[in-house]
Amino acid sequence: MEERSTLANYLRSRHGATYFFTLVTANRRPILTTRLGRRCLREAFSVARHSRPFEVLAIVLLPDHLHTIWELPLGDADYSTRWRHIKSEFTRRWISGGGREAETSNSRQIRGERAVWQRRFYEHTCRSSEDVKRLADYIHVNPLIRSSMGWSLKFAIGRGLPSIDLFDLGNIRPTGEALSLRS
């Protein structure tokens, strides 16, 4: 069953399901794979998962964006609130930890918004196990594609998929630190 939002005309599922998301930093700033960025994101996920549970099936961090697959509890499709909490918590921790925000536009200043994340995010409702597998494969391959473009990045894969520690793909060597999103 679909519900149409009058505010933005986005289709939203009414029941808990599996979702693929892409979130991007403001001005595509490469902050997510920094030590501070990884710590802030890990802590923001932990806080959000404590108040509104969800399962991270897979996640990849690239310097300026992330892709993830979530499974929400049955009867719960409120991923927007979870993302709002994660982005807010990340931003608070990022700024208090010494991280800087991007140049703030007039529009953001008027609304009192920080310039750490892009305002919106991409969401795809997974409709089958084949859909989940295809998107998990994309999460596996995306860092390799980006690495071939000269990015040094770090990534982690979640539950139900092959376990891979974080790597610096520029040198193809383990960093010795794994990103754990489990509480």
Side-chain angles (χ1 to χ4, degrees), residues 10-13 15-25 28 30-35 37-87 89-90 93 117-118 120-149 151-170 172-183:
Y10 295 126
L11 293 176
R12 299 291 186 232
S13 175
H15 54 78
T18 304
Y19 303 93
F20 171 85
F21 302 100
T22 299
L23 280 81
V24 181
T25 61
R28 287 199 164 267
I31 64 174
L32 296 179
T33 56
T34 65
R35 177 167 284 183
R38 289 191 321 271
R39 188 185 82 224
C40 292
L41 193 60
R42 184 181 303 114
E43 293 168 357
F45 264 74
S46 180
V47 168
R49 289 177 70 202
H50 181 72
S51 65
R52 290 183 175 266
F54 61 95
E55 194 70 33
V56 176
L57 302 182
I59 188 167
V60 62
L61 302 179
L62 292 102
D64 64 353
H65 68 284
L66 68 86
H67 302 290
T68 186
I69 300 173
W70 288 2
E71 184 177 359
L72 271 56
L74 288 176
D76 185 349
D78 190 10
Y79 50 79
S80 290
T81 297
R82 288 170 172 89
W83 278 121
R84 185 174 60 249
H85 289 159
I86 289 168
K87 289 164 81 172
E89 189 67 30
F90 177 94
R93 291 172 186 269
W117 293 97
Q118 287 185 1
R120 302 191 189 278
F121 57 86
Y122 172 79
E123 170 271 328
H124 169 78
T125 302
C126 299
R127 308 239 182 255
S128 67
S129 58
E130 291 80 20
D131 202 12
V132 173
K133 181 179 181 336
R134 180 181 58 80
L135 292 165
D137 288 345
Y138 175 78
I139 284 177
H140 278 97
V141 170
N142 192 256
L144 301 173
I145 293 167
R146 300 297 180 179
S147 180
S148 70
M149 295 169 60
W151 284 11
S152 175
L153 53 94
K154 302 179 193 270
F155 69 99
I157 302 297
R159 174 182 73 76
L161 300 170
S163 176
I164 302 173
D165 284 343
L166 294 177
F167 286 87
D168 176 341
L169 293 178
I172 313 296
R173 61 177 171 76
T175 64
E177 178 184 353
L179 175 66
S180 172
L181 296 176
R182 302 228 181 256
S183 33

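The model shown is predicted, which means the values in this text are computed figures rather than measured ones.
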After noting the C-alpha distance and the side-chain angles of Glu71 and Val132, does the key distance pass the side chain to side chain contact (heavy atoms under 4.5 Å, CB included) rule?
CA-CA 10 Å; Glu71 184 177 359; Val132 173; over 6 Å; no
| What's the verdict on side chain to side chain contact (heavy atoms under 4.5 Å, CB included) for Thr18 and Leu135, showing C-alpha distance, side-chain angles and the deciding distance? | CA-CA 11 Å; Thr18 304; Leu135 292 165; over 6 Å; no
Step by step, would you call Val60 with Tyr138 a side chain to side chain contact (heavy atoms under 4.5 Å, CB included)? CA-CA 10 Å; Val60 62; Tyr138 175 78; over 6 Å; no
### Message
side chain to side chain contact (heavy atoms under 4.5 Å, CB included), that's the test. Do Ile86 and Val47 meet it? Break it down for me.
### Response
CA-CA 8 Å; Ile86 289 168; Val47 168; over 6 Å; no
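The distance from atom CG of Leu62 to atom CG of Leu32, rounded to the nearest 0.5 Å, is 8.5 Å. How far OG1 of Thr33 is from CG of Leu66: 11.5 Å, rounded to the nearest 0.5 Å. Here the CZ atom belonging to Phe121 is positioned 9.5 Å from the CZ atom belonging to Arg84, to the nearest 0.5 angstrom. Taking CZ of Phe54 as the reference point, atom CH2 of Trp70 lies at 4.0 Å (rounded to 0.5 Å). To the nearest 0.5 Å, the span separating NE2 on His85 from NE2 on His50 amounts to 13.0 Å. Considering CG of Leu61 and CZ of Arg38, their distance stands at 8.5 Å, rounded to 0.5 Å.
Nearest heavy-atom pair across Tyr19 and Ala77 is OH-CB, 3.5 Å. Counting all heavy atoms, side chain and backbone alike, Pro53 lies closest to Pro73 at O-CD, 3.4 Å. When every heavy atom of Arg120 is checked against every heavy atom of Lys87, the shortest pair comes out as O-NZ, 4.1 Å.
For Trp117, the ring pair (Phe, Tyr, Trp, His ring centres under 6.0 Å) test picks out Phe90, with sequence neighbours left out. Qualifying salt bridge (charged side-chain N to carboxylate O under 4.0 Å, His left out) partners for Arg93, counting only residues two or more places apart in sequence or in other chains: Glu43, Glu89.
Between Asp131 and Arg134 there is a salt bridge, since a side-chain N of the basic residue sits under 4.0 Å from a carboxylate O of the acidic one. Ion pairing between Lys133 and Asp137 holds under the 4.0 Å rule for side-chain N and carboxylate O.
Between Arg49 and Glu55, some side-chain heavy-atom pair lies under the 4.5 Å cut-off.
In this structure, Trp83 and Phe21 have perpendicular ring planes: the angle between them is above 60°, well past the 30° mark.
For the pair Thr68 (side chain) and Ala58 (backbone), a donor-acceptor distance under 3.5 Å is present.
Thr22 pairs with exactly one of His67, Gln118, Glu123 by the side-chain hydrogen bond (donor to acceptor under 3.5 Å, both in side chains) rule, that one being His67.
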